[in-house]
Amino acid sequence: MHRAHTAFSLALSPMARKNFATWLLKSSSSQQMAKATAAAAVRTYNSAAAEPFANGSTASYVEEMYNAWLRDPTSVHTSWDAYFRSNSYVSPPNLAPVQANTLPLTAFNFGGAVSGAAPDSKTIDDHLAVQAIIRSYQIRGHNIAHLDPLEINSPELPGNSSTKTIYANFSFGEQDMERQFKLPSTTFIGGDEASLPLKEILNRLENVYCNKIGVEFMFINSLEQCNWIRKRFETPGVLNFSPEEKRLILARLTRATGFEAFLAKKYSSEKRFGLEGCEIMIPALKEIIDVSTELGVESVIMGMPHRGRLNTLANVCRKPLNQIFTQFAGLEAADDGSGDVKYHLGTYIERLNRVTNKNIRLAVVANPSHLEAVDPVVQGKTRAEQFYRGDQEGKKVMSILIHGDAAFCGQGVVYETMHLSDLPDYTTHGTIHVVANNQIGFTTDPRFSRSSPYCTDVARVVNAPIFHVNADDPEAVMHVCKVAAEWRATFHKDCVIDLVGYRRNGHNEIDEPMFTQPLMYQKIRKHKNCLDLYADKLIAEGTVTGEEVKSVAAKYENICEEAFALAKTETHVKYKDWLDSPWSGFFEGKDPLKVAPTGVKEETLIHIGNRFSSPPPNAAEFVIHKGLMRVLAARKAMVDEKVADWALGEAMAFGSLLKEGIHVRLSGQDVERGTFSHRHHVLHHQLVDKATYNSLQHMYPDQAPYSVSNSSLSEYAVLGFEHGYSMTNPNALVLWEAQFGDFSNTAQSIIDQFISSGQSKWVRQSGLVMLLPHGMEGMGPEHSSCRVERFLQMSSDDPDYFPPESDEFGVRQLHDINWIVANCSTPANYYHILRRQIALPFRKPLILCTPKSLLRHPEAKSPFSEMSEGSEFQRIIPDNGPAGDNASNVKKVVFCSGRVYYDLTKTRAEKKLESDIAIVRVEQISPFPFDLVKEQANLYKNAELVWAQEEHKNQGSWTYVQPRFLTALNHSRDISQSDGQTSSTNTTTTTDHTNQVSATGSDPNSDPKSQPWLSRMFAASNSNGGDPKDPAVTLGGDFNAAKHFDLKNVRHDFNRPAGIAAAPGARIAKSGRKISYVGRACGASTATGSKAQHIRELNALLNDAIST
Ligand SMILES: Cc1ncc(C[n+]2csc(CCOP(=O)(O)OP(=O)(O)O)c2C)c(N)n1
Ligand SMILES: [Mg+2]
């Protein structure tokens, strides 16, 4: 049986009640009575015992004392003795006033008993029963409320077929209905009245809890919050609206409905994911914004899916209608942006709120198709805005998240995001969640898409009240929205509005819903829309006339027509109109190719180093762990020697940025100490809880704030959050660290949908840094690698294109790429690449493989000279030893990246091959340093070129670097490109090909590059034209089956067993030079088996690489 059902039965079982009451009276032992009352409370109120029973047991406790005193005055404390002797037993001293659910026995003299006399059993029984009824309504009323406009679905539990089930089992008859009952302090239905006839009690409860609003809140374990909610819903008259208010609702509903109707009329065959069936969401959002603005909010950040998005942009954000309509025309973009679909684009608008007459900023964050993925991004952006405004309590900036019913309960990121809601460094001080609950997800009914009664149950985990409301009752919806906004302003906690409506059309306007939901849609076809229902109601009650209703609708249609005409004159869409986070002033006046220096004065490094290695100023009182004292001492020794290890290099980067006024925020699991216990940014007093010291917050008196926060154990939500945070202000270094690099794969949607492609889709830049511990060190079977190959695969630099060489080569590449992927081998380079994030005149995400064993490697240290003025990030670190000095005699150049460099140099030294083998580190893997690789290759003219990596051959950087090496060696590649798309950041193409061709008006056959890749590919082979060696033709798609499927390309060692170094996978370049592979064979996972096997494989690699 359902758990809730069990509780319900227990609560209402007449026998249980009767026996309890009778026994209660008979019991002579007050102790027994207290116990029984407590037990009954637990049973009756179950987990929803929102009010601590201590309140109710107060009276019992006094009774108990009193009875004990009667039996033996010495058995109680002298204060009780004195008290009872004084004969003033009215209310007990030093105890809280009697509150929830339990009245002192002396209060049961109601209903006939003579005042002062002992109450009879029936009086007690009946009052307890009435209290239980009230509570039942409060707890379970929502189960039987009329929430579904279609009256099909209901979360009603089995066996509870009508409202009577809440009280029918109690032994009240018709004759009791006029009896007066005293109302407990836990209800507000009485208004100013302390008691009411039973009939009236039931009527009022019925109206409050079982009508068009279902309030779910009794699981909240705060009496104050429960009472706050009870008051907002129970107080008589709360649902009375003035005629002006009603007209406003009607006008807003008219616009919401009119907008959908207009789009349906003008673009009948276009998808728009209309809101029909839940149009009330628009007036609802406006009400939330009005009330919140009135209460002090100045900026609202919204995240929402497809449903009703255009309507929200039009009628909530007041985005100019012509800009929205232009999106339907399929026009070319006048600026950057890859033409994401209209119901995904973001917006940012500042406008006057006409109701409150206050200025307000509204942002709708651009979102991908991935439902709910935007939730944490919105929260991060909101948090950042609060941070920069100094809005510590979230009074000025708030977020609203809108959800679909199926996605809200189905997507785990909702839960992960909810769990950020109360964490000190992640809270946004209350989010209002609005569920556009159309009781369906695409073609799937709720009974097949969730196991919980409501789609909103996920919110219960954070004690958020949930307001279910029938979307066909506009006034009920407005009331709920008002309460939600006030709740947030009062308690700064999340709450949920569940707008229960329906979906008038299919999932989109082209879908046929009758295929899958025939009965539901038969009902929908007959169901009047909300606007008509409400207009009828207001006309019937005389608030408006039919003429007025028509004229408001006609007026809005005119507005739409005018905007439609204006949209027709547009020739291009502008993506800058759809930015959700404009960085005004950031790009202006900047040379887009000028990078500020990243080296700093040595004295700055020394100052930061000294601070970072010192205990707190009040060291005498602040007890630090002995091990940490050693860490600090070792740091100090490094500073004195002017060298830095990894942690110190990082601190130098952070500290110097903080000095320059750049806010730094580092977030992730256990980042404060560092997973590998190397960072130790937060020192903990060993004797005092919560006493901590963070030296990076005390580097300079006027420095920018530094925040380092251990996060919840989530990657998806936390990475999304930090991405949102990074969007807000370009002058901040925001870093997210994975505990191990591969854990980032549980945040894959954020990586794919936002970080990799955010700029090309939404013209949105982000300088977010992802720190991904990486290194095949035999630490865990399949999670040694951060899967760098995946990030590289999504890098957008073209393997076949060697950009023009110039002094700005490096920065130009960075400008053009979607993100940077690097694997640094020295603390200095780590320091520089972090600082470069801010020194760049634009922002790009940085994916950084970070080391594990190098954190303590004696050689992985950098002198201050490599970080001070004049030094900079090295995309490639050349060989600075004997090989580099005598390049023409070098037999082999081993290119590598990351920590394997140290293994290679060690082996080279052991084999005494320092003069024969050069080892060159590729620190920035993407964008690929074509120019420097070429330079190195030319330097070692006679040498064999090898790429050595510790990852498996199908992993790591090999597949990325190999073709680029060939391009670097040749300036082109002798390999045809069959997909015809140059490398791209995301899987979208700029615009749909048909549109592209017709929009430019060109002949699709005249320009091979404008043709879809498939036709281009075949056109090239069909045409028989051109020399296949001609690069232009090759680029156009010289598909040669023999070249691709010739068996001579298949390696003989195709199935080479793991553990034996793989055969070189070289393709020979035109120049005759090639790059060979040295390393592990292909593998299905990053597993390297046992530690012993790992070492065997590594040694094989080193032997292969370091041999001549
Ligand atoms: C993560 C994710 N999975 C699947 C989809 C495909 N999809 C698009 S809409 C939809 C149904 C959504 O239902 P609901 O959340 O109730 O929103 P509604 O469309 O009903 O407003 C699905 C499954 C998606 N967009 N995102
Ligand atoms: Mg739905």
Side-chain angles (χ1 to χ4, degrees), residues 147-150 152-153 155 256 260 271-282 284-285 302-312 340-345 366-377 401-417 433-452 454-459 468-469 471 496-513 515-517 520-521 524 716-717 720 745-754 757 761 986-988:
L147 300 177
D148 177 9
L150 304 176
I152 301 172
N153 293 313
E260 298 296 347
K271 285 188 206 171
R272 69 190 142 86
F273 297 102
L275 196 53
E276 291 100 326
C278 207
E279 295 98 329
I280 198 65
M281 187 178 95
I282 300 301
L285 291 173
M302 291 187 266
M304 68 179 302
H306 51 287
R307 184 77 52 209
R309 191 177 178 106
L310 296 176
N311 210 326
T312 305
D340 201 350
V341 277
K342 48 194 163 290
Y343 34 84
H344 287 162
L345 295 171
N367 71 326
S369 289
H370 292 55
L371 294 168
E372 308 291 350
V374 79
D375 298 3
V377 179
L401 288 178
I402 299 149
H403 314 266
D405 53 316
F408 195 49
C409 58
Q411 291 291 309
V413 69
V414 174
Y415 175 88
E416 291 186 37
T417 307
H433 299 264
V434 179
V435 184
N437 180 355
N438 51 20
Q439 308 188 72
I440 192 165
F442 207 154
T443 65
T444 307
D445 291 342
R447 62 197 147 141
F448 298 113
S449 68
R450 64 174 188 254
S451 299
S452 57
Y454 294 107
C455 62
T456 52
D457 285 310
V458 60
H468 307 279
V469 59
V496 180
I497 299 169
D498 178 19
L499 290 176
V500 188
Y502 56 92
R503 191 186 70 194
R504 181 161 294 281
N505 303 311
H507 177 59
N508 60 56
E509 291 61 32
I510 304 152
D511 263 345
E512 172 51 86
F515 287 156
T516 48
Q517 272 73 24
M520 185 185 207
Y521 276 82
I524 291 174
Y716 194 166
N745 61 15
T746 64
Q748 202 62 48
S749 310
I750 300 294
I751 296 167
D752 292 351
Q753 268 49 51
F754 289 93
S757 54
K761 276 199 297 194
N986 58 40
T987 52
T988 62

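Just follow the structure's listing: the first ligand is 1, and inside any ligand the first atom is 1. Quick note: residue numbers are just sequence positions, from 1.
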Identify, for [atom], the protein heavy atom at the shortest distance, and state residue, atom and that distance.
atom	value
atom 17 (O) of ligand 1	Gly404 CA, 3.7 Å
atom 11 (C) of ligand 1	Phe442 N, 3.6 Å
atom 3 (N) of ligand 1	Gln411 NE2, 4.4 Å
atom 12 (C) of ligand 1	Leu371 CD1, 3.7 Å
atom 15 (O) of ligand 1	Ala407 N, 2.9 Å
atom 16 (O) of ligand 1	Asp405 OD1, 2.6 Å
atom 13 (O) of ligand 1	Gly441 CA, 3.3 Å
atom 21 (O) of ligand 1	Arg307 NE, 2.8 Å

Exercise. Going by the atom numbers of ligand 1, which of them fall below 4.0 Å from some non-hydrogen atom of Ala406?
Worked result: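 Matching atoms, with element in brackets: 13 (O), 14 (P), 15 (O), 16 (O).
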Exercise. For ligand 1, which atoms, with element, lie under 4.0 Å from some heavy atom of Asn438?
Worked result: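 In order of number, 18 (P), 20 (O), 21 (O).
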Problem set entry | Within-4.5 Å side-chain heavy-atom neighbours: Gln439 and Pro149 |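 Yes; the side chains approach each other to less than 4.5 Å.
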Exercise. Is the closest heavy atom of Ser369 to ligand 1 under 4.0 Å?
Worked result: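 For ligand 1, residue contact (heavy atoms, under 4.0 Å) with Ser369 is present.
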For ligand 1, which part of [X] has a heavy atom less than 4.0 Å away: the side chain, the backbone, both, or neither?
X	result
Ile440	backbone
His507	side chain
His306	side chain

Using a 3.5 Å distance criterion without hydrogens, assess whether the side chain of [X] forms a donor-acceptor pair with backbone atoms of [Y].
X	Y	value
Asn437	Asp405	no
Arg503	Glu276	no
Gln411	Cys409	no
Tyr521	Asn505	yes
Thr456	Ile497	no
Asp511	Pro513	no
Glu260	Leu275	yes

Exercise. Closest to the Mg ion (ligand 2), which N/O/S atom of Asp405 is it?
Worked result: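 Restricting Asp405 to its N, O and S atoms, the minimum distance to the Mg ion (ligand 2) goes to OD1.
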Problem set entry | Under-4.0 Å heavy-atom contact between protein and atom 6 (C) of ligand 1 |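 Not a single protein heavy atom is under 4.0 Å away.
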For this session: Look at the N, O or S atoms of Asn438, main chain and side chain alike, and state whether any lies under 2.8 Å from the Mg ion (ligand 2).
Result: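 For Asn438, the answer is yes, given that an N, O or S atom comes within less than 2.8 Å of the Mg ion (ligand 2).
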Exercise. For the Mg ion (ligand 2), does an N/O/S atom of Ile440 lie at less than 2.8 Å?
Worked result: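 Coordinating: yes.
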For this session: For the residue pair Phe408 and His403, categorise the inter-ring angle as parallel (less than 30°), tilted (30 to 60°) or perpendicular (more than 60°).
Result: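 Judged by the thresholds at 30° and 60°, the geometry between Phe408 and His403 is tilted.
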Problem set entry | Min N/O separation Phe408 to ligand 1 under 3.5 Å |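 Between Phe408 and ligand 1, no N or O pair is found under 3.5 Å apart.
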Exercise. Hey, which of Gln753, His344, Arg309 is the one that makes side-chain hydrogen bond (donor to acceptor under 3.5 Å, both in side chains) with Asn367?
Worked result: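 So, applying the side-chain hydrogen bond (donor to acceptor under 3.5 Å, both in side chains) to Asn367 and each of Gln753, His344, Arg309, only Arg309 qualifies.
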For this session: Determine the sole option in Lys271, Arg307, Glu512 for which the side-chain hydrogen bond (donor to acceptor under 3.5 Å, both in side chains) test with His507 is passed.
Result: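 Of the listed options, the one satisfying the test is Arg307.
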Exercise. From Asp457 CG over to Arg450 CZ, what is the distance, rounded to the nearest 0.5 angstrom?
Worked result: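 Asp457 CG to Arg450 CZ: 8.0 Å, rounded to 0.5 Å.
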